[in-house]
Protein chains: 2
Amino acid sequence: MPANGRSRRITIDDVARSAGVSRQTVSRAVNDKPEIDPATRQRVLLVAQSMGYRPSRFARGMVGPGLTTLGLVIADVLNPFFPEVVSGVLAAADERGWQVAVYSTGSALERETAVAETVVNHVDACIAFLLDPGAIELIRRSGMPFVLLDNEHRPPAVSGGRIDFASGMRQVVGHLAERGHRRIAMLDDRGRPDAGDRGTRHSLFLGTAAELGLPADESWVFPAANSLDGGAAAMDDVLDTGFGATAVLAYNDLIAIGAMRRARDRGVRVPEDCAFVGCDGLTLSRLVDPPLTTLTVDKELLGRAAVRQVAAQMTGAGTGETVIEPRLVVRASS
Amino acid sequence: MPANGRSRRITIDDVARSAGVSRQTVSRAVNDKPEIDPATRQRVLLVAQSMGYRPSRFARGMVGPGLTTLGLVIADVLNPFFPEVVSGVLAAADERGWQVAVYSTGSALERETAVAETVVNHVDACIAFLLDPGAIELIRRSGMPFVLLDNEHRPPAVSGGRIDFASGMRQVVGHLAERGHRRIAMLDDRGRPDAGDRGTRHSLFLGTAAELGLPADESWVFPAANSLDGGAAAMDDVLDTGFGATAVLAYNDLIAIGAMRRARDRGVRVPEDCAFVGCDGLTLSRLVDPPLTTLTVDKELLGRAAVRQVAAQMTGAGTGETVIEPRLVVRASS
DNA sequence: CTGAAAGCGCTAACAA
DNA sequence: TTGTTAGCGCTTTCAG
């Protein structure tokens, strides 16, 4: 019960008794039904208000169709990638009259199972950024409509949404190669357990570099925590290993910006000494100095598309996948 | 019911019948109760799964204590102010085992009533950034625990959380005055209906300026849309009116950054020709060029404090107010 | 270990 | 216009 904490909940019967009417009449008054004497309504409403009566969501949901609650699991609202996705999801859910419950894993893999368990019990459908196979399986098994985003290991029975980084990496590495870069370092997100797996930015980078005849291998990839500080620390590694990179490609804009700032602080000229390229196309990337070249992704669209897929599943459609095409935006950092 | 769309919902009775047991046994299996034969559990679970059975949230909430859903109404997730508040709310709500449903008004005053109506019907408590008195009254009357944030016109019966901009403006204007600035323009958020009212940044700016003997009046305040572009457009106004401002104080960092960029684009040197100061202390403000001087606010704390107040109301405590103290962070823009 | 009965708070359908 | 009856799907007694 909406945590009254203290005493027993006040029910429609309490109000009915206190107002000297039947509970039906109370229901009519509260729900603004036409078939009730305005005077009665007024009186009942007053009593209800004074008693602090609030209809139970649960009892109502029990009778009527109830509200659809969509669970949205993200890693961290403070990572500027997610608010844009959230925005798309909120808008699309609102159009359908759904409520959105937001859950954050705090980018902690070990918390994913707990979040998944909560989700399974408290929402009607789920859109999630999740990496732990156990957590994913938990939600899948629940049978609720489920869309998994940004995960290359999506089980076949689960719908998904992803960004076409194969195309993206071609654009990015191609751009750097055109600019004459041969020694390109990559700053990967070390928080992801799928590092290096097929389809990840990491492996696509290596593959594309090889295709273009660039000398890149695992030693060209540096793990970074997914944050500005993480990017900065990884840039220290790049610089300190005497790697001689003339360009740095980061897993995302956050890491790229952190790295770029650290490089500048250490006397590296951008882009003359070293070029920087990010992924995601955060608003932020336009505002830093120098403005960051980035692989832009329509994150709101990703959110909207996910909601559309949830809706499709509710009408019985099968598993599907949405692929978002990224677009390289060249700015002064390269 | 959780929008099955197609046919009737599958109930516990359906499963019981199909598995040849009583619904009690199904309940035991599904809820992992100890008093059931492991073999039976297994069998029942299999049947349940194969039938796509999902227990009804509503029916469960009806019986047990149910989950508390906290409604969080913000203006716009894309405004980087809000994610930080959301982060604080999510964390504090999670600690209490509550679910958070996020609603966005899209910064549109005319949508507030509709959002308030939804909130009233579908959550157990509410934390909101709301400006329309009608919407606020709607939620207040519902009797649910309610905390109104960042609103100078909070009804006495409603709990609130706000930032101490009286102190803040003293810090900001004092700082600029110390630096020798006399002609200070303010870029106000034109979307707020309370512009100029007592307690707003607008009026506190004018009051503080007067106290310090600076020549500021209404004509020194320029309305700006709450966005980067809004700040840019307002800066055009400042520049074009030949106002001769040597410093610009903005309603928030978003507006300040937009204005600062526009100024630079038009050949104004920052801070030599014109200094810029924002409010809020967005992460963003540290990253732009030049880094922005800003009145930093602990936005996560604001969110956490709001949750704490909701919790207090649930245990029967009365109306309260949390005041967050802002802190000036001086950077290169001034 | 399993089943039968009772009731959570509400609204739709019907009766008065 | 108002009241009565019947459930919604589930879990918690209490019997077996």
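No hydrogens, no waters, no symmetry mates; every other heavy atom, side chains included, goes into these values. Numbered from 1 within each chain, the chains take letters A, B, ... in sequence-line order.
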Whole angstrom value for the distance that separates [atom2] of [N] from [atom1] of [X]:
X       : N      : atom1 : atom2 : value
B:Arg57 : D:dG9  : CZ    : C1'   : 13 Å
A:Met62 : C:dA12 : CE    : C1'   : 14 Å
A:Lys33 : C:dA13 : NZ    : C1'   : 12 Å
B:Asn31 : D:dG9  : CG    : P     : 17 Å
A:Phe58 : D:dT11 : CZ    : P     : 13 Å
B:Leu67 : C:dC8  : CG    : P     : 22 Å
B:Arg9  : D:dG9  : CZ    : C1'   : 8 Å
B:Asp13 : C:dA4  : CG    : P     : 11 Å

Can a donor-acceptor pair be found between the side chains of [X] and [Y] at a distance below 3.5 Å?
X        : Y        : answer
B:Asn121 : A:Arg54  : no
A:Asp132 : A:Thr113 : yes
B:Gln313 : B:Ser159 : yes
A:Glu112 : A:Thr105 : no

Using atom types as modelled, flag every donor-acceptor pair under 3.5 Å from a side chain in residues 79-91 of chain A to any protein atom, sequence neighbours excluded.
from, atom 1, to, atom 2, distance (Å)
A:Asn79, OD1, A:Phe81, N, 3.0
A:Ser87, OG, A:Glu300, OE1, 3.2

message = Side chain of B:Ile12, heavy atoms from C-beta onward: which of D:dT11, C:dT11, D:dT2 has the nearest atom to it?
response =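 From the listed options, D:dT11 comes nearest.
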Is the phosphate of [N] approached by [X] (side-chain N or O, under 4.0 Å from OP1 or OP2)?
X       : N     : answer
A:Ser22 : D:dG3 : yes
B:Thr40 : C:dT2 : yes
B:Thr25 : C:dG3 : yes
A:Arg60 : C:dG9 : no
B:Arg28 : C:dC1 : no

ask   = Do B:Arg54 side-chain and D:dG9 base share a donor-acceptor contact under 3.5 Å?
value =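 In this structure, the two groups form no donor-acceptor pair.
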request  = Using heavy atoms to find the nearest nucleotide of DNA chain D for A:Pro38 and A:Gln24 separately, return the residue whose nucleotide is more 5′.
outcome  =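 The 5'-side residue here is A:Pro38.
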DNA chain C: 5'-proximal contact among B:Pro34 and B:Ala59 (nearest heavy atom) =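 Per heavy-atom nearest nucleotide, the more 5' residue is B:Pro34.
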